[in-house]
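Accompanying notes for the structure given below.
Just so it is clear, the values below take in all heavy atoms, side chains as well, and ignore hydrogens, waters and symmetry mates. Naming: A, B, ... by sequence-line order, numbering from 1 per chain.
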Amino acid sequence: MQHQLKSITSRIVSQLYHQEILPEQVQVNIPPKDFPFDFTIVAFTFAKLAKKSPDQTANEIGAELIKEMPELDHYEVVKGFLNLRLKDAYWIGVFDAEVNNPLFGALPPTGKKVMVEYCGPNTNKPLHLGHLRNIFIGHSMASILKAAGHEVVKVNIYNDRGVHICKSMLAYQKYGNHETPESSGEKGDHLVGEYYVRFEQELRKQVSEIIAQGLTEEAAKKQAPLNKEISEMLLKWEKGDTEVRNLWQTLNQWVYQGFEETYRKIGNDFDKAYMESATYLLGKTIVAEGLERKFFFKKPDGSVWIDLTADGLDQKVLLRADGTSVYITQDLGTADVRFKEYAPDVMIYTVANEQDYHFKVLKLVCQKLGRPYANGIHHLSYGLVDLPTGRMKTREGTVVDADDLLDEMDLTAAQKTREVGKIENFSETEQLTLFHQLGLGALKFYILKVDPKKRIIFNPEESIDFHGFTGPFIQYTHARICSVLRKAAERSISGGRQCRHS
RNA sequence: GGCCCCGUAGUUCAAUGGAUAGAACGGAAGUUUCCUAAACUUUAAAUGCAGGUUCGAUUCCUGCCGGGGCUACCA
């Protein structure tokens, strides 16, 4: 209807005042709720063309509109705003058409393919609250784009190699005693995460011992035997050493299994997972290609750079002096692989705003290289999640673990539900399902109601609130609507629709 | 230092450049024969500061003040 209003109004204005007006230039608003009208056309912009007062212009447009549109009941002009009221029959028609449409609100197919990347965890520790915000944003963005008629591919990216991954591997090798998720009864990602922490602890011990002998912290870190062992392990990994690779495979499998369990818990799924271990080498060849084509340059020490000062940025390193790849190298390789596999029109990266700069660089580099997908790169940037006490810090142990949080939400939901009662007829399974629906709904809504680009201060107590503008309250409202429909059906009142649980 | 993001009731969040800045929680005052009292009704309460553009600015521009981030041969 808004489109129709725009195009008809633009034609009327063009005819009345002999000035070409495009439909997009017509502003159609919803009036404030006290006004008994459906739409408002803003006439100020046309008053200038008409060389008449806004009120007079609005009246002239209104008079023409009512001649042309049979759906229009009446209009009224207030201070240059042309308020329109449509006939009840029109709205009843809209309602009848939509009431039994299971795809209410969905748009027709656009033929466009959009890839949405989100989550992107390291494989050395469990998911935390920050990942949950990322996943909720990415997953809902994918759903929205799908409803908007696009073909959507949901992808994850695992940062599964590098120094930090070796840390948990080395600690496991040293102190693991062949412990497994089965033998310890721990979720795989949590188990591996413990060895990552263990490594950091042991390293700190070594460093402080060396500092006690009179060395600076920097020198101590370099000298620490554990750090040397890490470098050796990374080197072995890159060479494909069987033992190291097997260890890597084993630990990463445990982590993936742990992640999968968490994804299931929050109702998330991916169409495809990419591994940086599989694309970082390709990234290197892309850098070599750019170097050959003179888009990049090599410094005397052998490192490769791109000069983006003309674009308002700095010079950025693309390959280290020793020839190993950096963060962006992998992203270049991954982007190429994705385009080959899916040829998406748009690639959306759901990544926190601390990486705004990185994605500016990535897009620019792809543009310089003339990649066909370069202009379709879009960074869906979101704010970090802080706690009332400040930023989450691994070192200070203030990171909120995703699994712990989800369990806590369910427990609180259970507690609050039991207080109210009303679940006497529920089986054990039904109760658990309900608690989880409530707990997860509360958390998702609490996080998604905030503009993604704003940072969130996560307050555990508020997140689990069941009153006011919250997930559980919407669920409660849904339940009551279903109840009304059920009763209507019992009394054979027709015209309603089946209640759908979705 | 340079660049980017944020700043709205006591609190947590809304508002394609449009009319009287909306909700919720919390505060105050009420509602029991009626759809689930996990509810409802009424009420007080806010655009960081100073300019500019505009018929009109929470929104766009400039400066300042506050908060955060980036500016690594970490990822």
Side-chain angles (χ1 to χ4, degrees), chain A residues 2 24 27-35 37 40-45 47-48 53-54 78-81 83 120-124 157 159-165 276 280 299 301-305 309 311-331 351-361 379 381-384 386 388 390-391 413 416-417 419-423 438 445-459 461-463 465-470 472-477 479-488 491:
Chain A
Q2 266 135 321
E24 299 83 63
Q27 280 186 65
V28 179
N29 298 335
I30 309 288
K33 59 182 175 184
D34 301 346
F35 291 75
F37 291 93
T40 298
I41 290 173
V42 183
F44 291 102
T45 34
K48 271 187 197 160
S53 75
V78 183
K79 291 191 287 181
F81 294 98
N83 294 317
N122 294 339
T123 57
N124 60 358
I157 177 81
N159 181 244
D160 63 338
R161 58 163 285 280
V163 186
H164 49 302
I165 309 299
E276 288 187 345
Y280 80 107
K299 287 198 176 175
D301 64 4
S303 56
V304 180
W305 296 70
T309 47
D311 299 283
L313 306 183
D314 303 324
Q315 294 188 351
K316 302 303 296 181
V317 67
L318 300 174
L319 212 58
R320 292 194 191 102
D322 63 4
T324 57
S325 67
V326 291
Y327 184 32
I328 198 160
T329 324
Q330 311 178 140
D331 273 348
V351 184
N353 64 12
E354 54 189 352
Q355 289 178 37
D356 286 356
Y357 197 73
H358 170 77
F359 281 98
K360 267 188 204 164
V361 173
H379 177 205
S381 166
Y382 67 89
L384 296 170
D386 286 339
R391 195 169 169 171
K416 294 200 174 193
T417 304
E419 280 171 15
V420 178
K422 301 188 184 183
I423 50 168
L438 289 169
F445 194 88
Y446 177 78
I447 288 176
L448 284 176
K449 74 173 183 182
V450 183
D451 181 349
K453 74 180 170 191
K454 289 186 180 172
R455 74 192 191 115
I456 286 183
I457 297 170
F458 184 82
N459 184 328
E461 284 162 25
E462 283 174 14
S463 71
D465 203 341
F466 281 38
H467 295 280
F469 192 53
T470 65
F473 190 75
I474 289 173
Q475 291 169 324
Y476 170 65
T477 307
R480 284 188 63 166
I481 291 169
C482 289
S483 166
V484 171
L485 291 176
R486 221 168 25 240
K487 289 184 180 171
R491 296 173 200 177

Any protein N or O atoms within reach of nucleotides 4-8 of chain B? Criterion: under 3.5 Å, listing atom names and distances.
unit_1: B:rC6; atom_1: OP1; unit_2: A:K453; atom_2: NZ; d: 2.9
unit_1: B:rG7; atom_1: OP1; unit_2: A:K454; atom_2: NZ; d: 3.1

message: What's A:K48 touching, base or sugar-phosphate or nothing? Going by heavy atoms closer than 4.0 Å.
response: sugar-phosphate
Can you name the atoms? Protein N/O to nucleotides 17-20 of chain B N/O, anything below 3.5 Å, with the distance.
unit_1: B:rG18; atom_1: N7; unit_2: A:Q27; atom_2: OE1; d: 3.1
unit_1: B:rA19; atom_1: N6; unit_2: A:T40; atom_2: OG1; d: 2.5
unit_1: B:rA19; atom_1: N6; unit_2: A:N83; atom_2: OD1; d: 2.9
unit_1: B:rA19; atom_1: N1; unit_2: A:N83; atom_2: OD1; d: 3.3
unit_1: B:rA19; atom_1: N1; unit_2: A:N83; atom_2: ND2; d: 3.4
unit_1: B:rU20; atom_1: N3; unit_2: A:D34; atom_2: OD2; d: 3.3

statement: Pairing string of RNA chain B (Watson-Crick or G-U wobble, both atom distances under 3.5 Å; | = paired to other strand) is (((((((..((((....[...)))).(((((.......)))))....(((((..]....))))))))))))....
message: Using whole Å, what does the distance between atom P of nucleotide B:rG69 and atom OH of A:Y357 come to?
response: 18 Å
field: Atom-pair distance (CD1 on A:I456; P on B:rG68), nearest Å
entry: 18 Å
message: If I take atom CG in residue A:D314 and atom P in nucleotide B:rU71, what distance separates them, rounded to the nearest angstrom?
response: 10 Å
Under 3.5 Å between N/O atoms: give me all the protein pairs with nucleotides 22-28 of chain B, atom names plus distance.
unit_1: B:rA23; atom_1: OP1; unit_2: A:K33; atom_2: NZ; d: 2.9
unit_1: B:rA24; atom_1: O2'; unit_2: A:F469; atom_2: N; d: 3.0

Partners meeting side-chain contact (heavy atoms from CB on, under 4.5 Å) with A:N159 (sequence neighbours left out): A:N122, A:H164, A:E276, A:Q330
task: Name the nucleic acid region contacted by A:A352, choosing base, sugar-phosphate or nothing; use a 4.0 angstrom heavy-atom cut-off, strictly under.
output: nothing
field: A:H164 or A:E354, whichever maps to the more 5' nucleotide of RNA chain B
entry: A:E354
- prompt: Do any side-chain nitrogens or oxygens of A:S483 fall under 4.0 Å of OP1 or OP2 in B:rU36?
  reply: yes
field: Any A:R391 side-chain N or O less than 4.0 Å from OP1/OP2 of B:rG67
entry: no
- prompt: side-chain contact (heavy atoms from CB on, under 4.5 Å) with A:V326: which residues, sequence neighbours excluded?
  reply: A:R320, A:I328, A:T329
- request: Check the distance between B:rA38's P and A:Y476's OH and give it to me in whole angstrom.
  value: 6 Å
query: With sequence neighbours excluded, what pairs up with A:Q475 under the side-chain hydrogen bond (donor to acceptor under 3.5 Å, both in side chains) test?
result: none
task: Could you check how far CD of A:Q355 sits from P of B:rC70, rounded to whole Å?
output: 10 Å
Tabulated below should be each protein N or O lying under 3.5 Å from an N or O of nucleotides 57-59 of chain B; please produce it.
none

query: Who passes side-chain contact (heavy atoms from CB on, under 4.5 Å) against A:K416, sequence neighbours left out?
result: A:T412, A:I464, A:F466
- prompt: Sequence neighbours excluded, which residues qualify as salt bridge (charged side-chain N to carboxylate O under 4.0 Å, His left out) partners of A:D314?
  reply: none
message: Suppose we screen for side-chain hydrogen bond (donor to acceptor under 3.5 Å, both in side chains). Which residues come up paired with A:D451, at least two apart in sequence or across chains?
response: none
- prompt: Checking all strands, does A:N122 fall into the base, sugar-phosphate, or nothing category for heavy-atom contacts under 4.0 angstrom?
  reply: sugar-phosphate
statement: To the nearest angstrom, the CD1-P distance between A:I328 and B:rC70 comes to 16 Å
- prompt: Taking atom P of B:rC13 as reference, at what distance in whole Å does atom CZ of A:F458 sit?
  reply: 12 Å
Rounded distance in Å - CZ (A:F466) to P (B:rA37): 18 Å
field: salt bridge (Lys or Arg N to Asp or Glu O under 4.0 Å) evaluation trace for A:K449 with A:E462
entry: CA-CA 13 Å; A:K449 74 173 183 182; A:E462 283 174 14; over 6 Å; no
field: Side-chain donor/acceptor of A:S483 to backbone N/O of A:A479, under 3.5 Å
entry: no
query: Contact class for A:R480 (heavy atom, under 4.0 Å): base, sugar-phosphate, or nothing?
result: base
message: Tell me if a side-chain donor or acceptor on A:H379 pairs with a main-chain N or O of A:K360 at a distance below 3.5 Å.
response: no
message: Between A:D160 and A:T123, is there a side-chain donor-acceptor contact under 3.5 Å, judged purely by atom types and distance?
response: no
- request: Scan A:D451 against the nucleic acid and name what it touches under 4.0 Å (heavy atoms): base, sugar-phosphate only, or nothing.
  value: sugar-phosphate
task: Go through the structure and list residues passing side-chain contact (heavy atoms from CB on, under 4.5 Å) with A:I30, not counting sequence neighbours.
output: A:Q2, A:F39
